[in-house]
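What follows is one structure encoded as structure tokens, with my remarks underneath.
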Amino acid sequence: MKKKESLLEQTAAAAGISDSYLNAYGQPEIISDEVKQQLLSAMQFTLPNNKEGEPLPPVIVLQQNSTFSLPLSFEAQWQLALEQGELRQGKVAKGKPLKLPADLPCGYHQLTLIQGQQQWNCQVIVAPVRCYEPAPLHHHQKLWGTCVQMYTLRSDRNWGIGDFGDVQQLLKSIAKQGGAFVGLNPIHALYPANPEFCSPYSPSSRRWLNIIYIDINQVEDFQHSTKAQKWWQQAATQKKLAELRKVEWVDYTGVMSLKLAALKLAYQQFITRPERDKSQLEFNEFVAQGGDDLRYQAIFDALSVYLVQAGHSWQWYQWPIGYQDSQNKEVSQFAQDHASEVSFYLWLQWLAHQQLSECYRLSRKLKMSIGLYRDLAVGVAQESADAWKDRSLYCFSASVGAPPDILGPLGQNWALPPMRPHVMVERAYQPFIDLLRGNMTQCGALRIDHVMSLLRLWWIPQGESAKNGAYVHYPVDDLLAILALESQRHQCMVIGEDLGIVPKDIVSKLSTCGVYSYKILFFEQDEQNQLTPPENYLPQAMATATTHDMPTLKGYWQCGDLTLGKQLGLYPNPLALAKIYQERELTKQGILNSLHRYNCVPKSMRKTVKDMPMSPELNRGLLRYLALTESALVGIQLEDLLDMSEPVNVPGTYKEYPNWRRKLTDSLENMFADSSIRRLLNDLNSKRLLAASRKSKLK
């Protein structure tokens, strides 16, 4: 019996499954043997055989100027083909280690070991120590910008959902006020066949873009198409457009239907262009560079729409069996028979990338220090094109989530299939490299949601509750090294969302690697509920008041999140809810004390929070406090500028609340024409300058 248990422990450890972890209260939790066995079966992991004749691992990851030595039991020659074209080589005597040169340049190199007629290959990745940081941050400037859920944007010209044209307008407004960046929610590809599956954190692909964000009126072929313009002028089109703009919640189905109708007319114009037309050449180059991954993304979108129209499910694992694997002949035949539809979805990706590129070019032209910053979701949905395209990379018998904590006593299940760590290694981390390259283009910063996933993810066996899971570890040092390499190559800084249960062994690694931390105002408090003093905030960080998973400033202050949670049945225990209300009042009092201490609110403002509603002065005081912090970056939510109370997402709900649909209460045009908002942003500028010039503790 003990031998079996020993083998299980040994196999689980080799697979990266943890024996235990510290819960939200700092107490150890032991992972059961049953959970370990379930996860080993799910990831299809067995102990590797140490076969003779396989002396090299699939990949070696080194930091620049470091040494590397690999024991060998035989005499051999080696060749190292550097990415830059140089070839280095040498010999290894029998019983001596293989030593690589210590002066290797950063990059992706190919190592070949030769013994007689036998050869073994290995990728050698050499990376810098730290991620890229913009020059102003090296000079200790304090920058600010706005963080926006793109779909929430209202404007006088969009089609009922925020789009890349709105982002351009927002960039101009924020740059004019002195802001350094506009942060976007994940803009990953979603599901044209099912627009209502709209969570940006459950995407179809993390490499490609959400086509619903295309600004139709900027599409040249829409402008030049006689048929498209005739359709555009129709009373029915304009009526539908007005309805989509007016509604309080984004009508994803209505928006997608209207946009696809317009884009199909524009595409018919595009394909009439001459073969050597500039746009045709650029499109063909984009498709060539996208390779098979882009081609299968377009096939997936075309196929899913086709099957849904034929009465099938939108979920690929419920499709006819021949279509469930991207490599099946039926899929290839579909792509051949429906080449025009596939090309249409390739064209939509090209349009989206063009418009995103234009947004980033505009931010550079406006001399914004960072410009756009993008958000990388922690994974993809099981229904995703990424999972369909690469079934061996993902584990479908488990899902990713979070263990129980104070705010979520039952834990969380995000319904995202995890990537298999050992498959990533076998592929020399190419899936991770491709993911970074797909998201570090056309932006000055990348926010990585749940950055602890580089170290570990909470895996939940299929059919189990979120509390019956375990942490599975990933090769964090290798992943951070690759992150630094791609960050430097793209000149894209990295912000890691490190909220929740953060293990100590990742904190120093992230800091050393140059990954910026993520600090939430309401979480930065001491045991007496006083806010962390501004001068004590971590400099290598981005500070913000709230996130997409949290209430707005007004919602938090007036306990709207607790009231809504009670209505939605998220707090079935009245006593527990009463305690949360009590703790909220204590927290608010500590916040108010801190605002008075640092002169962020008028001296005439009352000193107690009992029955104290949110007010413009209080809202401004909270944002002023944030702007005073030592953190290099400060992100402001547009909802807080508009004094909004409703959240954009309520964690733990699916159909109970219309997540990812709530729009802003006013248009971009009106928002930045409002003198009070402009004054507030000017105030933030002055406080950021004060924070940058701080040489001693604030008085």
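Values in this document were obtained by computation on a predicted structure and should not be read as measured data.
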>> side chain to side chain contact (heavy atoms under 4.5 Å, CB included) for Phe222 and Gln229? Distances and angles first, verdict last.
In response: CA-CA 7 Å; Phe222 179 74; Gln229 289 304 305; 3.7 Å; yes

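- Counting heavy atoms from C-beta outward, Leu485 and Pro128 have side chains that approach closer than 4.5 Å.
- Counting only heavy atoms from C-beta outward, the side chains of Ile216 and Leu258 never approach each other to under 4.5 Å.
- The heavy-atom pair separating Cys513 from Ala484 by the smallest distance is SG-CB, 4.1 Å.
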>> Under the criterion side-chain hydrogen bond (donor to acceptor under 3.5 Å, both in side chains), I'd like the reasoning laid out for Gln280 against Asn284: C-alpha separation, chi angles, the key distance, then a yes or no.
In response: CA-CA 6 Å; Gln280 286 278 12; Asn284 291 336; 4.7 Å; no

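- Under 4.0 Å is where a charged nitrogen must lie from a carboxylate oxygen, and between Arg661 and Glu196 at least one such pair does.
- A salt bridge between Asp293 and Lys389 is present, with a side-chain N of the basic residue lying under 4.0 Å from a carboxylate O of the acidic one.
- Looking at Pro105 and Val126, their side chains never come closer than 4.5 Å, going by heavy atoms from C-beta outward.
- Heavy-atom contacts from other residues, nucleotides or ligands closer than 6.0 Å to NE2 of His138 number more than 12.
- By the 30° and 60° cut-offs, the orientation of the rings of Trp314 relative to Tyr191 is perpendicular.
- Using cut-offs of 30° and 60° on the angle between ring planes, the pair Trp208 and Phe286 is perpendicular.
- At least one side-chain heavy atom of Leu633 sits less than 4.5 Å from a side-chain heavy atom of Ile370.
- Each of His548, His450, His188 was compared with Tyr201 under the ring-ring contact (aromatic ring centres under 6.0 Å, His included) criterion, and only His548 meets it.
- Between Phe334 and Tyr323, the ring planes are perpendicular. Angles over 60° get that label, and only those under 30° would be called parallel.
- Counted by atom type alone, Gln324 and Asn328 present zero donor-acceptor pairs between their side chains at under 3.5 Å.
- The heavy-atom pair separating Ala385 from Gln297 by the smallest distance is CB-OE1, 3.3 Å.
- For Thr237 (side chain) and Gln233 (main-chain N/O), no donor-acceptor pair under 3.5 Å exists by modelled atom type.
- Using modelled atom types and a 3.5 Å distance limit, the side chains of Tyr213 and Gln355 yield no donor-acceptor pair.
- Taking the six-membered ring for Trp and thresholds of 30 and 60 degrees, Phe300 and Trp319 have ring planes inclined between 30 and 60 degrees apart.
- Salt bridge annotation for Asp390-Arg427: present, with a cationic side-chain nitrogen under 4.0 angstrom from a carboxylate oxygen.
- A cation-pi contact links Arg437 to Tyr108, judged by a cut-off of 6.0 Å to the six-membered ring centre and 45° from its axis.
- One finds a salt bridge joining Arg361 and Glu358 here, because a Lys/Arg side-chain nitrogen approaches an Asp/Glu carboxylate oxygen to under 4.0 Å.
- For the pair Ile161 and Lys259, the minimum side-chain heavy-atom distance is below 4.5 Å.
- When side chains are defined from C-beta on, Leu184 counts as touching Val167, because their heavy atoms get closer than 4.5 Å.
- Ion pairing between Arg489 and Glu83 holds under the 4.0 Å rule for side-chain N and carboxylate O.
- Taking 4.5 Å as the limit, every side-chain heavy atom of Met440 sits out of range of all side-chain heavy atoms of Arg374.
- Ionic pairing of Asp166 and Arg157 is present here: one or more N-O contacts between side-chain nitrogen and carboxylate oxygen are shorter than 4.0 angstrom.
- Minimum interatomic distance between Gly165 and Asp215 (heavy atoms only, all atoms of both residues): CA-OD2, 3.3 Å.
- The aromatic rings of Trp347 and Tyr267 lie tilted to each other, with the angle between the two planes from 30° to 60°.
- Ile187 has its side chain out of reach of Pro200: every pair of non-hydrogen atoms, C-beta onward, lies at least 4.5 Å apart.
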